[in-house]
Amino acid sequence: MLLYILRRLVSAVSVVIVTLVASFALFFLAPTDPAGTICGPRCTPERLDNIRHSLHLDEPPLTQIGLYLKGLVADREFETGGTVQECPAPCLGYSYTLGQPVTKLLGQAVPVTLSIVLGGAVVYLGLGILAGTTAAQVRGTLLDKTVVGATLVLNSFPYFVFALIVALYLIPPLPDSSYTNLTDNPLAWASGLLAAWLTLGVTNAAAYTRYSRASMIEALGQDFVRTARSKGISRSRVVYRHGLRAAVTPVATIFGVDLAAQLTGAIFTERIFDLPGLGNLTLRAFGQSDLPVLLGGVLVGSVVLVVMNLVVDIAYTFLDPRVRLG
């Protein structure tokens, strides 16, 4: 296990570095003028040269990439308006449009996105696994057909349409969407994210109901389940202790990938419910050509993806003893 984790960590770090270098080249070495965009239409030549120097855009490409990578482990300094701004390590650059280090901006946005995605995951995992497991036990009955039909109806709605319906018509009975730090007021934190959680949870629960139902049907047909039943073990224990453990393994794989995708792509939820998460921050940075913020968002996304893939692979061995890491 330890050797496997070390190998995967080396591979993960390599992927992140390659992604970072490729993104740096795409954003900073493209035939655009980020300094001119930041400076604005009334920019003076002196101000333009100052921004280029502060962003190190007047340095060779390899020097620019080297300085950025060095900032991950060492402090950096940026000059803005004649004053020197400190950027403590890990330094992901400095946002000249917002006047703050990128690390600080990401530190404010990531907890919002985490709160949205993890809260929604609790909803759709709970609803999806419960509904799928129940439908699998009564396969072919009216209840099973009703559950399957409901999931098809939900999946026929684009996510952003469903979210807009919730925001327009269900917000009055639900608390207004807002974000409060969990440590400041847990009740306000939960109530402000309730609409986003329900939207994300209900729409994704449809897919997890189908996954769970199919996986549970397959698990209930295995020899070990029939053996457990022949020994006189109660039906509920066979289903929820033996069958569910085997059925949840493929669901866990899908969940790990989905969770990583949602953490890096919750922009619809954040925009519709006006929540200051990573998606909103990245979209604003794109509109203002705030390249350091864009690059920081890419770095966070790549780290999330590789970490989630590693966690899913390790979780496999605990969910299913038949799986061995190679």
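If you're wondering where the values come from, they're calculated on a predicted model, not measured in any experiment.
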N204: which residues meet the side-chain hydrogen bond (donor to acceptor under 3.5 Å, both in side chains) condition with it, sequence neighbours left out? Q262
Tell me whether V257 shares a hydrophobic cluster with F255, the cluster being built from Ile, Leu, Val, Met, Phe, Trp, Tyr side chains joined at under 4.5 Å. no
Can you check whether E59's main-chain N or O pairs, donor with acceptor, with Q64's side chain at less than 3.5 Å? yes
Short question: side chain of Q100, backbone of L105 - any donor-acceptor pair under 3.5 Å? no
From CG (L164) to CZ (R271), nearest 0.5 Å: 12.0 Å
List for me each residue that meets side-chain contact (heavy atoms from CB on, under 4.5 Å) alongside A12, sequence neighbours excluded, and say none if there are none. V306
Return a table of donor-acceptor pairs under 3.5 angstrom between the side chains of residues 114-121 and protein atoms on other chains or two or more places apart.
{"unit_1": "S115", "atom_1": "OG", "unit_2": "P111", "atom_2": "O", "d": "2.8"}
{"unit_1": "S115", "atom_1": "OG", "unit_2": "W189", "atom_2": "NE1", "d": "3.2"}

Evaluate side chain to side chain contact (heavy atoms under 4.5 Å, CB included) for T203 paired with N155, printing each intermediate quantity in order. CA-CA 7 Å; T203 52; N155 279 338; over 6 Å; no
Minimum heavy-atom separation for G201 and V123, please, with both atom names. CA-CG1, 3.7 Å
Could you walk me through whether L106 and L281 pass side chain to side chain contact (heavy atoms under 4.5 Å, CB included), step by step? CA-CA 8 Å; L106 293 175; L281 177 66; 3.9 Å; yes
Where P101 and C87 come nearest, the two heavy atoms and their spacing: CB-SG, 4.1 Å
Provide the closest heavy-atom pair for S191 versus P175 in the form atom of the first, atom of the second, distance. O-CB, 3.4 Å
If you link ILVMFWY side chains whenever their heavy atoms are less than 4.5 Å apart, which other residues fall into the same cluster as I267? By chain and number, please. L283
Just how far is it from atom CG of L305 to atom CG of L310, taken to the nearest 0.5 Å? 13.0 Å
Which residues satisfy the side-chain hydrogen bond (donor to acceptor under 3.5 Å, both in side chains) test with N181, sequence neighbours excluded? D184
Does the T113 side chain pair with the main chain of L278, one donor and one acceptor, at a distance under 3.5 Å? yes
Determine whether a donor-acceptor pair (N or O, by modelled atom type, separation under 3.5 Å) exists between the side chain of E218 and the backbone of A214. no
Residues that R226 engages under side-chain hydrogen bond (donor to acceptor under 3.5 Å, both in side chains), provided they are two or more places apart: D223
Separation of D75 CG from E86 CD (nearest 0.5 Å): 7.0 Å
Just checking L152: does its CG atom have more than 12 heavy atoms from other residues, nucleotides or ligands closer to it than 6.0 angstrom? yes
Smallest heavy-atom separation, V112 atom then Q108 atom, equals CG2-O, 3.6 Å
Would you indicate whether F268, at its atom CZ, is surrounded by more than 12 heavy atoms from other residues, nucleotides or ligands within a distance under 6.0 Å? no
When rounded to the nearest 0.5 Å, the distance separating CG of L182 from CG of L187 is 11.0 Å
Is there a path of hydrophobic side-chain contacts, each under 4.5 Å between heavy atoms of I/L/V/M/F/W/Y residues, joining I165 to L193? yes
Tell me whether L92 shares a hydrophobic cluster with L69, the cluster being built from Ile, Leu, Val, Met, Phe, Trp, Tyr side chains joined at under 4.5 Å. yes
Can you list every pair that meets salt bridge (Lys or Arg N to Asp or Glu O under 4.0 Å) and has a residue in residues 146-155, with sequence neighbours left out? none
Spacing of CG belonging to L20 relative to CG belonging to L299, to within rounding of 0.5 Å: 5.5 Å
Between the main-chain N or O of G99 and the side-chain N or O of Y94, is there a donor-acceptor pair closer than 3.5 Å? yes
side-chain hydrogen bond (donor to acceptor under 3.5 Å, both in side chains) between Y159 and T199, worked out: CA-CA 9 Å; Y159 175 75; T199 302; 5.6 Å; no
Ring pair (Phe, Tyr, Trp, His ring centres under 6.0 Å) contacts touching residues 113-154 (sequence neighbours left out): Y124-Y208
Just to verify, what does R139 make a side-chain hydrogen bond (donor to acceptor under 3.5 Å, both in side chains) with, not counting sequence neighbours? none
Using only atom types and a distance under 3.5 Å, with no angle test, would you say the side chain of S215 pairs donor to acceptor with the backbone of S212? no
Among V16, T282, T19, find the one that has a side chain to side chain contact (heavy atoms under 4.5 Å, CB included) with V298. T19
So does S177 get a backbone contact from the side chain of D274, meaning a donor-acceptor N/O pair under 3.5 Å? no
Tell me whether L143 shares a hydrophobic cluster with M216, the cluster being built from Ile, Leu, Val, Met, Phe, Trp, Tyr side chains joined at under 4.5 Å. no
What pairs with D144 under salt bridge (Lys or Arg N to Asp or Glu O under 4.0 Å), at least two apart in sequence or on another chain? R213
Please give me the minimum heavy-atom distance between A195 and V166, naming the atom from each residue. O-CG1, 4.4 Å
What pairs with R76 under salt bridge (Lys or Arg N to Asp or Glu O under 4.0 Å), at least two apart in sequence or on another chain? none
Atom pair CD1/OG1 of I217 and T133 - distance to nearest 0.5 Å: 10.5 Å
With a 4.5 Å cut-off on side-chain heavy-atom distances among I, L, V, M, F, W and Y, is there a chain of contacts connecting F273 to L168? yes
Of the non-hydrogen atoms in L295 and S23, which two are nearest, and what is the gap between them? CD1-CB, 3.5 Å
What residue pairs, at least two apart or across chains, pass salt bridge (Lys or Arg N to Asp or Glu O under 4.0 Å) with a residue in residues 279-308? R284-D290
